2 protein chains.
Amino acid sequence: MPADLHDTITQRLRAVGQRYTPGRRQLVDRLASAPRPVTIAELLDGGARVPQSSAYRNLAVLEQAGVVHRIVTSDDFARFELAEDLTEHHHHLICAVCGGVEDFTAPPGLERTLLRVAGEVAGAAGFTTPTHRLDLIGTCPSCA
Amino acid sequence: MPADLHDTITQRLRAVGQRYTPGRRQLVDRLASAPRPVTIAELLDGGARVPQSSAYRNLAVLEQAGVVHRIVTSDDFARFELAEDLTEHHHHLICAVCGGVEDFTAPPGLERTLLRVAGEVAGAAGFTTPTHRLDLIGTCPSCA
DNA sequence: TCGGATTATGAGGATCATTCTCATTTCTGT
DNA sequence: ACAGAAATGAGAATGATCCTCATAATCCGA
C-alpha cells in the first residue's frame with residue numbers, strides 16, 4: 001500500500017472530472033484493508049454506515065476512473081477490489097459452489113508467458129490494450 | 001463435434017436424473033453451432049421459438065449436468081457455451097467495453113504450465129478439482 | 001398396448017441486485 | 001460569504017433471472 005495511494009486516486013478521479021470525496025475515500029479504505037474482493041453487502045454491513053445508493057454510484061465512479069475493479073462470479077453478488085496497479089498483480093481462486101474468491105500470485109515464469117501470449121492473441125484479433133485474468137476454479141474447503 | 005455428442009449428453013443428464021428432451025436438444029444444437037458463447041436474448045430471438053422460462057430452466061439443468069457452461073462478463077447478460085470437454089479446451093477474449101466474447105486457443109506450452117500451476121496453487125489453498133480459466137481483456141475493434 | 005405416476009413445459013408473476021430520480025447538502029472558485 | 005456545480009441519500013424503478021402451477025409429454029409395469 002503506497003503512501004501516495006490517495007494522491008494517485010485523486011489524480012485518476014480528476015482525470016475523469018470527479019472529486020475524491022470522503023465517502024469515496026471511505027470505500028477505498030475498506031477495499032485497501034480487505035484481504036479479498038468485497039461484496040456490496042459486506043460493505044454495507046461492515047460497521048460504517050454507507051448508503052446503498054451512494055455505494056453503488058461511487059463504486060461505479062471509481063471503476064470508471066480505473067481505481068477499483070469489479071469482479072463477477074456465478075453468484076448474484078458483484079465483488080470489488082482496488083485496481084491491480086494500485087496493489088500488486090494477482091489472480092483469483094474462485095469457488096464454483098459458493099462463488100467465494102481468494103487471491104493468489106502466479107510464478108514469474110507463468111506471468112511472463114501470459115504477458116507474451118496475451119499480446120499475440122489480442123493483436124491477432126484486433127483487440128487493443130490487452131490485459132489478462134487467470135482464474136482457478138474449484139471447490140473451496142467449506143463447500144467440499 | 002463428435003458424432004456421439006448427443007449420446008454423451010444423454011448419459012450426463014441421466015447421471016443427474018434428467019431427460020434429454022427435444023427442447024434441451026434444441027438448445028444444445030444452438031450452442032454447438034454458435035462460434036462464440038450465446039446470450040439468452042440471442043437464443044430467444046434467433047428464429048426458433050424457445051419460451052424464456054424453459055430456456056432458463058433447461059440451461060440450468062444442462063449446467064448442472066456438466067453439459068453447458070455459463071459465462072458472466074461485466075454486462076448484464078449471461079452467456080452459454082457447451083462444456084469444454086464436449087468441444088475443445090479454449091479461452092476467451094473479452095471486450096471490456098461491450099462485454100462481447102470471442103474464443104481462442106492457447107499455445108500448448110502455456111497450457112501445460114497453467115495446468116501445473118493450477119494444481120499447485122489450488123492444492124495449497126485446499127481447493128479441490130481445480131480447473132482454470134484464462135481471459136484476455138481488451139477493447140474489441142468495434143468498441144475501439 | 002393401456003393407465004397411472006412422474007417429469008417437463010410454458011405463461012405469467014415474483015424476486016432482488018442494481019440503477020435511476022430528485023430534493024437536499026456540500027464543495028469550488030471568486 | 002456567494003453563486004454555480006457536483007455529490008449525497010432515501011426511495012422508487014428497472015430488468016435479468018427464477019419461481020409457481022396448471023397442462024402436456026414421457027416412462028414403466030402389467
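Nothing here was measured: the structure is a model prediction, and the numbers come from that model. In what follows, every chain begins at residue 1, and chains take the letters A, B, ... in the order their sequences are listed.
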Undergrad: Among side-chain atoms of B:Glu81 and B:His90, is any donor-acceptor pair under 3.5 angstrom?
TA: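 Judged by distance alone, the side chains do pair up.
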
Undergrad: Provide, to the nearest angstrom, the distance between the CZ atom belonging to B:Arg25 and the P atom belonging to C:dT9.
TA: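 In whole Å, C:dT9 P and B:Arg25 CZ are 14 Å from each other.
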
Undergrad: Given atom OH of A:Tyr56 and atom P of C:dT18, what is their separation to the nearest angstrom?
TA: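 Between P of C:dT18 and OH of A:Tyr56: 4 Å.
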
Undergrad: Return the 5'-most residue of the pair B:Gln52, A:Pro51 with respect to DNA chain D, ranking by each residue's nearest nucleotide.
TA: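 Whichever sits nearer the 5' end wins; that is A:Pro51.
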
Undergrad: Separation of B:Arg79 atom CZ from D:dA16 atom P, in whole Å?
TA: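 Taking atom P of D:dA16 as the reference, CZ of B:Arg79 is at 13 Å.
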
Undergrad: What's the verdict on side-chain contact (heavy atoms from CB on, under 4.5 Å) for A:Asn58 and A:Leu27, showing C-alpha distance, side-chain angles and the deciding distance?
TA: CA-CA 8 Å; A:Asn58 286 330; A:Leu27 287 174; 3.5 Å; yes

Undergrad: Quick one: is D:dT8 close enough that its OP1 or OP2 comes under 4.0 Å of any side-chain N or O from A:Asn58?
TA: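 For D:dT8, OP1/OP2 do have a side-chain N/O of A:Asn58 under 4.0 Å.
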
Undergrad: Without decimals, in angstroms, what is the distance between A:Ile40 CD1 and C:dC16 C1'?
TA: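 Distance check: A:Ile40 CD1 to C:dC16 C1' gives 14 Å.
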
Undergrad: Let me know the distance between OH of B:Tyr20 and C1' of C:dT7, rounded to the nearest Å.
TA: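 Rounded to the whole Å, the gap is 18 Å.
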
Undergrad: Without decimals, in angstroms, what is the distance between B:Leu44 CG and C:dA11 C1'?
TA: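 Taking atom C1' of C:dA11 as the reference, CG of B:Leu44 is at 14 Å.
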
Undergrad: What bend angle does the helix from C:dT1-D:dA30 to C:dT30-D:dA1 show across its length, from five-pair end axes and to the nearest 10 degrees?
TA: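 It works out to 50° between the end axes.
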
Undergrad: Can you tell me if A:Arg24 and A:Gln18 form a side-chain donor-acceptor pair at under 3.5 Å?
TA: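 A:Gln18 and A:Arg24 do have a side-chain donor-acceptor pair below 3.5 Å.
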
Undergrad: What distance do A:Ser74 atom OG and B:Glu63 atom CD have between them, rounded to the nearest 0.5 Å?
TA: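 The distance works out to 7.5 Å.
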
Undergrad: To the nearest Å, how far apart are B:Arg24 CZ and C:dG10 C1'?
TA: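 Those two atoms, CZ and C1', are 13 Å apart.
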
Undergrad: Pairs of donor and acceptor atoms involving the side chains of residues 96-110 of chain A, under 3.5 Å and at least two apart or interchain, shall be tabulated with distances.
TA:
from: A:Glu102; atom 1: OE1; to: A:Arg36; atom 2: NH1; distance (Å): 3.0
from: A:Glu102; atom 1: OE2; to: A:Arg36; atom 2: NH1; distance (Å): 2.5
from: A:Asp103; atom 1: OD1; to: A:His92; atom 2: NE2; distance (Å): 3.4

Undergrad: Short of 4.0 Å, heavy atom to strand atom, which residues of residues 60-77 of chain A count as contacting DNA chain C?
TA: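 Output list: A:Asp76, A:Phe77.
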
Undergrad: What does A:Ala41 touch in the nucleic acid at a heavy-atom separation under 4.0 angstrom: a base, only the sugar-phosphate, or nothing?
TA: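 Touches nothing.
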
Undergrad: Could you tell me which non-hydrogen atom of A:Cys140 sits nearest to which non-hydrogen atom of A:Cys95, and how far apart they are?
TA: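 Between these two residues, the closest heavy atoms are N-SG, 3.4 Å.
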
Undergrad: Once side chain to side chain donor-acceptor pair (under 3.5 Å) is applied, do any residues pair with A:His132, and if so which ones, sequence neighbours excluded?
TA: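 In terms of side chain to side chain donor-acceptor pair (under 3.5 Å), with neighbours along the sequence ignored, A:His132 is linked to A:His89, A:Glu111.
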
Undergrad: State which residues pass side chain to side chain contact (heavy atoms under 4.5 Å, CB included) with A:Glu120; sequence neighbours excluded, sorted by chain then number.
TA: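 Partners of A:Glu120 by the side chain to side chain contact (heavy atoms under 4.5 Å, CB included) criterion, ordered by chain and then number, come out as A:Arg116.
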
Undergrad: List the steps, then state whether ring-ring contact (aromatic ring centres under 6.0 Å, His included) holds for A:Tyr20 with A:His6.
TA: CA-CA 9 Å; A:Tyr20 197 18; A:His6 295 298; 5.8 Å; yes

Undergrad: Are the side chains of B:Arg30 and B:Val38 in touch, meaning some heavy atoms are under 4.5 Å apart?
TA: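 The answer is no, as the side chains (C-beta and beyond) never meet within the 4.5 Å cut-off.
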
Undergrad: Just by distance, do the side chain of B:Arg12 and the backbone of B:Gly66 share a donor-acceptor pair under 3.5 Å?
TA: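 Side chain of B:Arg12 to backbone of B:Gly66, a donor-acceptor pair under 3.5 Å: yes, one is there.
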
Undergrad: Can you tell me how far P of C:dA8 sits from CG of B:Leu59, to the nearest Å?
TA: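 To the nearest whole Å, that distance equals 15 Å.
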
Undergrad: Mark up nucleotides 19-26 of chain D, 5' to 3', with B wherever a protein heavy atom is under 4.0 angstrom from a base atom, S wherever such an atom reaches only the sugar-phosphate, and - elsewhere.
TA: B------S

